[in-house]
Amino acid sequence: MIRARIRRRKGAFTLDLELEAPPGVTAVCGPSGSGKTTLLNVLLGLEPLDAGEVRWNGQVLEQRPGGIRTPPEGRRFGAVFQEGLLFPHLTVEGNVRFALPRRPSPEQEGRAADWMRRLGLEPLRRRRPATLSGGERQRVAIARAMAAAPRALFLDEPLNGLDARLKLETLLALRRVRRDLEGPVLYVTHQPAEVLAVADRVIRLAGGQVAWQGEPARILSEARGPGSDEPSNFLEATVERRLGAGQVEMAWGEHRLHVQLEEAAPGERHTLVIRPSDVILGVGEPGRVSARNRLRLTVRSMVPAGERVWVRLEAPDPFLALITAEAARDLALAPGREVTALVKSLAPGTAGR
């Protein structure tokens, strides 16, 4: 748990706020110049406080006045920046292992190798950064940060500048970190889709202060209406068995999905992309319907959007549905309500390795 009271002046700009970041992903949003990167730099110890304090699980890391200031290396916080900041003369493996002590223990060696495996970097281990794509470089930076066993991880717009495919690859890597890191993750971004894909809570900054904080779905109230900007659900699922007629059964956490996917073998992992408007919600057991995919989920939060409502559901990964406001009233939806989510048949083009 990170708790902080921060006052940091930079010319005419002042960052002045209180922050609490529990385990899980806290997205830090806001327009350019609102103080997002300055906040990370202060917590990391890269910039000093003018007043206030930073605490980790009750331990004071920095305090002004008071004279306490733990240097960045003593805070044991990991960071991944937009540029990745890899060492060009080192291989992928060398960059990841750079996070380890000069004489690493077997446990530390194993942790570095494990994160390379988890993030799909083993085939790239002997390559140098100049030969990698932007998404591959970011995965190396994430693996390097995680190899050091950080108490917390800070991410400063890690997907900026990546194309759609590389963004998806990196988002999936961040989800693995989200599931496995016991401490907090602070994720700086200005993209609502990224917030909805990984975050457990949101802090929005404006003019160096906290404008609001709360559920990730609230960010949709500030986004443009549904349409071309509608965020997608990304589900990492594993093929369990073939069903015939080109269909396979896939496991997504405890749930099972039937997917139209040719030439897929058991054990393969694929990413399913589902539009929120293609999800139908019901209460109780649905009658005889054609949809084969039925998920029992719980409503976490709801955000009105004109005549429609965004519904965020509790699931192995963040999961959104978009329904009419009339349907939400008829179903008496509210946080904590259990629902059945019906997902239309998934076509071949909606799955990828």
* To do: Could you tell me whether a side-chain N or O of Arg312 sits under 3.5 Å from a main-chain N or O of Ser301, the two making a donor and an acceptor?
  => no

* To do: Give a yes or no answer on whether the side chain of Asn233 reaches the backbone of Leu320 with a donor-acceptor pair at less than 3.5 Å.
  => yes

Tell me the closest heavy-atom pair linking [X] and [Y], and the distance in Å.
{"X": "Gln108", "Y": "Arg103", "result": "OE1-O, 4.5 Å"}
{"X": "Arg151", "Y": "Gly74", "result": "NH2-O, 3.9 Å"}
{"X": "Asp200", "Y": "Gly24", "result": "OD2-CA, 3.3 Å"}
{"X": "Val210", "Y": "Glu18", "result": "CG2-O, 4.0 Å"}
{"X": "Leu15", "Y": "Gly35", "result": "CD1-O, 4.0 Å"}
{"X": "Val202", "Y": "Pro216", "result": "CG2-CA, 3.4 Å"}

Nearest 0.5 angstrom please: [X] [atom1] to [Y] [atom2], how far?
{"X": "His270", "Y": "Leu257", "atom1": "NE2", "atom2": "CG", "value": "13.0 Å"}
{"X": "Trp252", "Y": "Leu235", "atom1": "CH2", "atom2": "CG", "value": "4.0 Å"}
{"X": "Arg137", "Y": "Arg127", "atom1": "CZ", "atom2": "CZ", "value": "10.5 Å"}
{"X": "Phe81", "Y": "Thr37", "atom1": "CZ", "atom2": "OG1", "value": "8.5 Å"}
{"X": "Thr38", "Y": "Phe13", "atom1": "OG1", "atom2": "CZ", "value": "5.5 Å"}
{"X": "Leu119", "Y": "Glu136", "atom1": "CG", "atom2": "CD", "value": "12.0 Å"}

* **Chi angles and distances behind the salt bridge (charged side-chain N to carboxylate O under 4.0 Å, His left out) call for Arg3, Glu53** => CA-CA 8 Å; Arg3 286 193 173 93; Glu53 65 177 20; over 6 Å; no

* Just wondering, are more than 12 heavy atoms of other shown residues or ligands nearer than 6.0 Å to CD in Glu182? -> no

* Asked: Would Arg7 and Thr14 count as a side-chain contact (heavy atoms from CB on, under 4.5 Å) if you check the C-alpha gap in whole Å, the side-chain angles of each, and the deciding distance to 0.1 Å?
  -> CA-CA 7 Å; Arg7 185 172 178 83; Thr14 300; 3.7 Å; yes

* To do: Could you please spell out the steps behind the side-chain contact (heavy atoms from CB on, under 4.5 Å) verdict for Leu19 and Leu17?
  => CA-CA 7 Å; Leu19 169 84; Leu17 56 80; 4.0 Å; yes

Does [X] belong to the same Ile/Leu/Val/Met/Phe/Trp/Tyr cluster as [Y], with side-chain heavy atoms less than 4.5 Å apart forming each link?
{"X": "Trp212", "Y": "Val195", "value": "yes"}
{"X": "Leu132", "Y": "Leu171", "value": "yes"}
{"X": "Val283", "Y": "Leu295", "value": "yes"}

* **Candidate pair Gln138 and Thr170, rule side chain to side chain donor-acceptor pair (under 3.5 Å), full reasoning** => CA-CA 7 Å; Gln138 287 300 71; Thr170 310; over 6 Å; no

* **Pair Thr340, Arg296: side-chain N/O donor-acceptor within cut-off below 3.5 Å** => yes

* To do: Under the salt bridge (charged side-chain N to carboxylate O under 4.0 Å, His left out) rule, what do Asp114 and Arg117 come out as? Steps first, then yes or no, please.
  => CA-CA 5 Å; Asp114 185 47; Arg117 177 187 59 78; 2.4 Å; yes

* Between Lys10 and Glu47, does a side-chain contact (heavy atoms from CB on, under 4.5 Å) hold up when you go through it step by step? -> CA-CA 10 Å; Lys10 299 179 73 172; Glu47 295 187 32; 3.2 Å; yes

* Asked: salt bridge (charged side-chain N to carboxylate O under 4.0 Å, His left out) between Glu236 and Arg175: does it pass, once the steps are laid out?
  -> CA-CA 10 Å; Glu236 284 189 274; Arg175 279 193 174 169; 5.4 Å; no

* Asked: Taking only residues two or more places apart in sequence, or in another chain, which ones meet Glu326 in a salt bridge (Lys or Arg N to Asp or Glu O under 4.0 Å)?
  -> none

* So Phe154 and Phe77, would you call those rings parallel, tilted or perpendicular, with 30° and 60° as cut-offs? -> tilted

* To do: Show your working on salt bridge (charged side-chain N to carboxylate O under 4.0 Å, His left out) between Arg201 and Glu215 and close with a plain yes or no.
  => CA-CA 5 Å; Arg201 63 198 62 83; Glu215 282 284 332; over 6 Å; no

